[in-house]
Peer 1: 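Starting off with a structure, shown below.
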Amino acid sequence: LQRVTEALSESLTMEQVAEVVVGQGMEVLGASAGSLAHLSADGAELHIIRSTGYTENVIRPWMRLPLDAPIPLCDAVRGMQAIFLETPEERLARYPALSTLKANQDTRSSACLPLVVGAKAIGVLGLSFSGSSYFTPEDREFMLSFARQCAQAVERARLFEGERTARAEAERASRAKDEFIAVLSHELRTPLTPVLLTVSLMESHPALPPDLREDVATIRRNVELESRLISDLLDLTRIVRGKLQFDVQT
């Protein structure tokens, strides 16, 4: 368990945790095959994240399982109780639906360990044993301890990936906002050019009355102020996007 803890402490993503859980679980417990399934966000399906020891044509139909399927993996999650099947006869007696699955031809015994965090199951670890295996009370308690340890690592990976997804979404939204401000600033600046040109023509007209000349000067000041504000907006978007260029002088 200490060795598993060290390996899990270095695993962040769900794939990394699943690789450690299945690999270490098979090694520590002497299983011939194993799989880790995670419960979907809506709680309706189990998704196989990692499997080892099963052929591709065997594991493919199991990649997505409805939670109400009459098989031990789903049963362990629904009841949040470990299921130990020590003989093929016991397995088929309890789960007749498994009689048509080739995945069980080489399996003599199996264990389905729910991954429980708090008061809810978040997944299940399935282990198959090719040799005859009768699970002693000590075996079962060790498997349950192993499952509790793995459940914490899976939950930590789920939270990590959720935080990473949320951060990426926030960054995308921020980039979209910056691009919108940049485009908006350019569009706001475009109509100011003809306004300034018109103001210049009016100011240069010798017959412009003094009172109107003051009004035109007010228009110029405000248009120039608006232009500076738009330039500041553009500079801000360049800073955020890392595209601001400095003209350094002594």
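From a predicted model like this one, the values you see are computed outputs, not experimental measurements. What's counted below: heavy atoms across the whole structure, side chains too, no hydrogens, waters or symmetry copies.
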Peer 1: Can you name the nearest heavy-atom pair linking G126 to L73, along with the distance?
Peer 2: CA-CD2, 3.9 Å
Peer 1: Scan the side chains in residues 19-34 for donor-acceptor partners under 3.5 Å anywhere in the protein, sequence neighbours excluded, and list what turns up.
Peer 2:
{"unit_1": "S32", "atom_1": "OG", "unit_2": "S128", "atom_2": "O", "d": "3.0"}
{"unit_1": "S32", "atom_1": "OG", "unit_2": "S130", "atom_2": "N", "d": "3.2"}

Peer 1: Would you kindly confirm whether L236 and L188 end up in one hydrophobic cluster when ILVMFWY residues are joined by side chain heavy atoms under 4.5 Å apart?
Peer 2: no
Peer 1: Please enumerate all residues that pass side chain to side chain donor-acceptor pair (under 3.5 Å) together with R189, with sequence neighbours excluded.
Peer 2: S231
Peer 1: Under the criterion salt bridge (charged side-chain N to carboxylate O under 4.0 Å, His left out), I'd like the reasoning laid out for R140 against E86: C-alpha separation, chi angles, the key distance, then a yes or no.
Peer 2: CA-CA 12 Å; R140 299 187 180 207; E86 296 181 323; 3.3 Å; yes
Peer 1: Strictly by salt bridge (charged side-chain N to carboxylate O under 4.0 Å, His left out), give each pair with a member in residues 63-80 just once, sequence neighbours left out.
Peer 2: E45-R64, D75-R78
Peer 1: What is the minimum heavy-atom distance between C74 and P66, and which atoms define it?
Peer 2: SG-O, 3.3 Å
Peer 1: Which heavy atom in H38 sits nearest to a heavy atom in I49, and how many Å separate them?
Peer 2: CB-CD1, 3.3 Å
Peer 1: Run the side-chain contact (heavy atoms from CB on, under 4.5 Å) check on L201 and T198 step by step: do they pass?
Peer 2: CA-CA 5 Å; L201 291 174; T198 303; 5.6 Å; no
Peer 1: If hydrophobic clusters are built from ILVMFWY residues whose side chains come within less than 4.5 Å, do F146 and L144 share one?
Peer 2: no
Peer 1: Work out which heavy atom in I83 is nearest to a heavy atom in P72; give both atom names and the distance.
Peer 2: CD1-O, 3.5 Å
Peer 1: So which residues get pulled into V116's cluster when ILVMFWY side chains under 4.5 Å apart are joined, directly or through others?
Peer 2: M80
Peer 1: Calculate, to the nearest 0.5 Å, the distance between atoms CG and SG belonging to L125 and C112 respectively.
Peer 2: 8.5 Å
Peer 1: Quick test of your reading: applying side-chain hydrogen bond (donor to acceptor under 3.5 Å, both in side chains), list the pairs with at least one residue in residues 202-214, sequence neighbours left out, ordered by first then second residue.
Peer 2: E203-R220
Peer 1: Show me the pairs that pass salt bridge (charged side-chain N to carboxylate O under 4.0 Å, His left out) and involve residues 145-159, at least two apart or across chains.
Peer 2: E141-R148, E155-R158
Peer 1: State plainly whether one hydrophobic cluster holds both I219 and I230, where clusters connect Ile, Leu, Val, Met, Phe, Trp and Tyr through side-chain heavy atoms under 4.5 angstrom apart.
Peer 2: yes
Peer 1: V223 and L208: same hydrophobic cluster, using ILVMFWY side-chain contacts below 4.5 Å?
Peer 2: yes
Peer 1: Within this structure, what is the CG-CG distance for the pair L229 and N222, rounded to the nearest 0.5 Å?
Peer 2: 10.0 Å
Peer 1: Run through the side-chain heavy atoms of Ile, Leu, Val, Met, Phe, Trp and Tyr, join any pair under 4.5 Å, and report what else lands in L159's cluster.
Peer 2: none
Peer 1: Please determine whether the number of non-hydrogen atoms from other residues, nucleotides or ligands lying under 6.0 Å from atom CD of Q81 exceeds 12.
Peer 2: no
Peer 1: Taking only residues two or more places apart in sequence or in another chain, which ones pass salt bridge (Lys or Arg N to Asp or Glu O under 4.0 Å) with D178?
Peer 2: none
Peer 1: Scan for ring-ring contact (aromatic ring centres under 6.0 Å, His included) pairs involving residues 69-90, sequence neighbours excluded, and state none if there are none.
Peer 2: F84-F135
Peer 1: Hey, is E163 close enough to R167 for a salt bridge, meaning N to O under 4.0 Å?
Peer 2: yes
Peer 1: Closest heavy-atom contact between L46 and A37?
Peer 2: CB-CB, 4.2 Å
Peer 1: How many angstroms lie between CG in L234 and CG in L184, if you round to the nearest 0.5 Å?
Peer 2: 9.5 Å
Peer 1: Show the nearest heavy-atom pair for residues A76 and P114, with the distance to one decimal.
Peer 2: O-CB, 3.5 Å
Peer 1: Partners of T218 by side chain to side chain donor-acceptor pair (under 3.5 Å), sequence neighbours excluded?
Peer 2: R221
Peer 1: Hydrophobic clustering (ILVMFWY, side-chain heavy atoms < 4.5 Å, transitive) - are I181 and V183 grouped together?
Peer 2: no
Peer 1: So how far is it from S227 OG to D232 CG, rounded to the nearest 0.5 Å?
Peer 2: 9.5 Å
Peer 1: Can you list everything that forms a side chain to side chain donor-acceptor pair (under 3.5 Å) with R172? Sequence neighbours excluded, please.
Peer 2: E169
Peer 1: Check step by step if side-chain contact (heavy atoms from CB on, under 4.5 Å) holds for I48 and L36.
Peer 2: CA-CA 6 Å; I48 300 291; L36 179 69; over 6 Å; no
Peer 1: Could you walk me through whether E138 and F142 pass the side-chain contact (heavy atoms from CB on, under 4.5 Å) check?
Peer 2: CA-CA 6 Å; E138 291 78 10; F142 183 82; over 6 Å; no
Peer 1: Going by side chain to side chain donor-acceptor pair (under 3.5 Å), name the residues that satisfy it together with E89, two or more places apart in sequence or in a different chain.
Peer 2: none
